[in-house]
Amino acid sequence: MVTERRRGERVTFERGFNAQMMGIDGTWRRECTMEDISENGAKLTIEGSVEGLHLKEFFLLLSSTGLAYRRCELAWVNGDQIGVNFLKPNDKKKQAKRSATQPAEV
């Protein structure tokens, strides 16, 4: 039995929604299908291998022009499917602030 990890309401697409993943630095792109989406994340089916791709942070392009996109981070991998969390503009600032206030590991 699979445990549901996502919080909140989600929309499931009957036939999927064609999208593209793109590296933050623009050095790679990969076709994908968005299977479902919520306010906080999405489930994607990847076309081709994700081996060697920097998935810590990337863009999910939702339009062919690239004007509709979400900044993402990898949450989980299961075969050709991945879960992503959407990053909000101030997430990086909060993360950096938290790291600065925590003592360094020895």
Side-chain angles (χ1 to χ4, degrees):
M1 180 178 234
V2 177
T3 303
E4 180 61 38
R5 293 171 269 204
R6 189 172 313 144
R7 298 178 300 246
E9 298 280 326
R10 69 177 152 171
V11 175
T12 301
F13 300 104
E14 188 175 313
R15 293 192 178 111
F17 182 88
N18 293 331
Q20 284 191 356
M21 299 164 53
M22 182 177 82
I24 286 290
D25 59 1
T27 58
W28 60 268
R29 278 188 183 224
R30 187 73 79 240
E31 297 286 328
C32 66
T33 303
M34 187 167 34
E35 304 295 339
D36 66 38
I37 189 169
S38 72
E39 183 178 342
N40 300 315
K43 178 169 64 171
L44 309 174
T45 300
I46 309 301
E47 294 182 24
S49 173
V50 294
E51 190 174 332
L53 299 181
H54 182 67
L55 294 175
K56 181 163 176 66
E57 189 173 336
F58 61 93
F59 291 114
L60 177 61
L61 306 176
L62 302 170
S63 70
S64 59
T65 61
L67 294 176
Y69 63 91
R70 295 298 302 259
R71 204 169 98 226
C72 303
E73 67 180 356
L74 181 66
W76 54 266
V77 178
N78 185 5
D80 66 345
Q81 292 189 327
I82 65 171
V84 298
N85 294 322
F86 295 141
L87 298 172
K88 294 181 175 54
N90 59 357
D91 283 353
K92 286 291 178 186
K93 291 176 188 171
K94 286 180 187 176
Q95 225 174 26
K97 188 176 181 178
R98 240 181 288 152
S99 296
T101 59
Q102 293 176 349
E105 291 185 30
V106 180

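All values below were derived from every heavy atom in this structure, side-chain atoms included, with hydrogens, water molecules and symmetry-related copies excluded.
Leu55 and Ile37 fall within the same hydrophobic cluster, where Ile, Leu, Val, Met, Phe, Trp and Tyr residues are linked whenever their side-chain heavy atoms come under 4.5 Å apart, directly or through other members. Side-chain heavy atoms closer than 4.5 Å link hydrophobic residues (I, L, V, M, F, W, Y) into clusters, and following such links, even through other members, never connects Ile24 to Leu87. Leu61 and Leu67 are not part of a single hydrophobic cluster, where members link through side-chain heavy atoms under 4.5 Å apart.
Of all heavy-atom pairs between Gly41 and Phe86, the closest is N-CD1, 3.4 Å. The two residues Gly16 and Glu35 come nearest to each other via the heavy atoms CA-OE1, 4.5 Å.
Annotation: side chain to side chain donor-acceptor pair (under 3.5 Å) contacts of Thr27 (sequence neighbours excluded): Asp25. Scanning for side chain to side chain donor-acceptor pair (under 3.5 Å) contacts around Thr65 gives Ser63, with sequence neighbours left out. The side chain to side chain donor-acceptor pair (under 3.5 Å) search around Gln81 returns Thr45, not counting sequence neighbours.
A distance of 8.5 Å separates CG in Asn85 from OG in Ser38, rounded to the nearest 0.5 Å. The line from CD1 of Ile82 to CG of Leu74 is 5.5 Å long, rounded to the nearest 0.5 Å. Arg29 CZ to Leu53 CG: the interatomic distance, rounded to the nearest 0.5 Å, is 13.5 Å. For the atom pair CG (Asp80) and CG (Leu44), the distance works out to 11.0 Å, reported to the nearest 0.5 Å.
With contacts defined as side-chain heavy-atom distances shorter than 4.5 Å, the pair Arg71/Glu57 qualifies. At a threshold of 4.5 Å between non-hydrogen side-chain atoms, the residues Met21 and Val84 do not count as touching. Side chains of Thr12 and Lys43 form no contact here, defined as non-hydrogen atoms less than 4.5 Å apart. Under the 4.5 Å side-chain criterion, counting only non-hydrogen atoms from C-beta, Thr33 is not in contact with Phe13.
Here ring-ring contact (aromatic ring centres under 6.0 Å, His included) pairs that include residues 21-55, with residues two or more places apart or in two chains, number zero. Legend: ring-ring contact (aromatic ring centres under 6.0 Å, His included) pairs involving residues 55-75, not counting sequence neighbours, sorted by first then second residue: Phe59-Tyr69.
A side-chain donor-acceptor contact under 3.5 Å links Arg30 to the backbone of Ser49.
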